[in-house]
Amino acid sequence: MDIKSAEFVSSYTNYKDCPNTDTPEYAFVGRSNVGKSSLINMLMERKKLAKTSQSPGKTQLINQFSINNDWFLVDLPGYGFAKVAKSIRKDFNTLIKDYAMYRENLMCLFVLLDSRHEPQKNDLAFMRWLGENQIPFAMVFTKVDKLSSSALNKNLKHYKNEMLKHWEALPDVFITSSENRIGRADILDFIENINKSVKK
Ligand code: GTP
Ligand code: MG
């Protein structure tokens, strides 16, 4: 898929404020600092579409973008980061879960996971919750430029083993780096295929 246009639509504090629409929507979620906004910018080939930061908690709202006047992309706040005040963390978690649960045009939630880390309890718990609630999601490993392929494979294997303790099959998995555009075509093809299937 070529990205011909990518425009900021609006920010919302609550899923209830997001306008109802049949337009397919895809959202990016994950722990704070995992690289959501960077990945969105890489996919869209826009340096500053989504705001990025070294300090966690940059994205605090549901940020919606219109892509090719054909589908919506959403940047969500990070969940469960220890350095964000507990009260705010709780608000983010509620915001994200409500959005995931009730946004009817949400086609896929991309759950970002830092490829350098061992499986994290809150990521696993979140994905379990998604599965229990039948919310379609894919796993996206980020920042793969930061580790060797053997370390990456080791971490991926570890993650898969953890997931398979509770699941019969794994969701779709994407390997990405916003630094060197790894995974861009895979994710855009995936989105394009879903868009085609809903238009039939
Ligand atoms: P919040 O909005 O705070 O939840 O963070 P986020 O998940 O949107 O992360 P963001 O994209 O702001 O990136 C956080 C930091 O990680 C920034 O310093 C990025 O430059 C860095 N980063 C993101 N993706 C990559 C990547 O693929 N490779 C490398 N080396 N660094 C990355
Ligand atoms: Mg962000």
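Both ligands and their constituent atoms are indexed starting at 1 by order of listing.
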- Message: Just to be sure I read this right, does ligand 1 sit under 4.0 Å from the backbone of K146, its side chain, both, or neither, counting only heavy atoms?
- Response: side chain
- Query: What do we get for D145 next to ligand 1 when only non-hydrogen atoms under 4.0 Å count, side chain, backbone, both or neither?
  - Reply: side chain
- Message: Check this for me - ligand 1, S37, N or O atoms closer than 3.5 angstrom, yes or no?
- Response: yes
- Item | Flag side-chain contact, heavy atom, 4.5 Å: E162 against K165 | yes
- Query: Thinking salt bridges, do K4 and D2 make one under a 4.0 Å N-O criterion?
  - Reply: no
- Message: Under 4.0 Å from a heavy atom of G35: which atoms of ligand 1 are those, numbered in the order shown and with their elements?
- Response: 6 (P), 7 (O), 9 (O), 10 (P), 11 (O), 13 (O), 23 (C)
- Counting both backbone and side chain atoms, is some N or O of T176 under 3.5 Å from an N or O of ligand 1? no
- State plainly whether the residues E45 and R184 are in salt-bridge range, i.e. N to O under 4.0 Å. yes
- Task: Look at atom CZ of F8 and say whether more than 12 heavy atoms of other residues, nucleotides or ligands are closer to it than 6.0 Å.
- Result: yes
- Task: Give a yes/no answer: is there an N/O/S atom of S38 under 2.8 Å from the Mg ion (ligand 2)?
- Result: no
- Query: Where do Y159 and H117 come nearest, in terms of heavy atoms and distance?
  - Reply: CE1-O, 4.4 Å
- Query: Can you tell if the side chain of F72 reaches within under 4.5 Å of the side chain of T21, non-hydrogen atoms only?
  - Reply: yes
- Is there at least one pair of N or O atoms, one from V34 and one from ligand 1, spaced under 3.5 Å apart? yes
- Message: Is there a polar contact, in the sense of an N or O pair closer than 3.5 Å, between L39 and ligand 1?
- Response: no
- Message: I'd like to know if S177 contacts ligand 1, where contact means a heavy-atom distance under 4.0 Å to any ligand atom.
- Response: yes
- Query: What are the atoms of ligand 1, with element, lying closer than 4.0 Å to any heavy atom of S178?
  - Reply: 24 (N), 26 (C), 27 (O)
- Message: Applying side-chain contact (heavy atoms from CB on, under 4.5 Å) to I96 and F126, what does each step give before you reach the verdict?
- Response: CA-CA 10 Å; I96 292 162; F126 181 63; 3.9 Å; yes
- Query: Please walk me through it: do F174 and F190 pass ring pair (Phe, Tyr, Trp, His ring centres under 6.0 Å)?
  - Reply: CA-CA 10 Å; F174 297 95; F190 178 81; 5.1 Å; yes
- Among G183, S38, G78, whose heavy atom sits nearest atom 10 (P) of ligand 1? S38
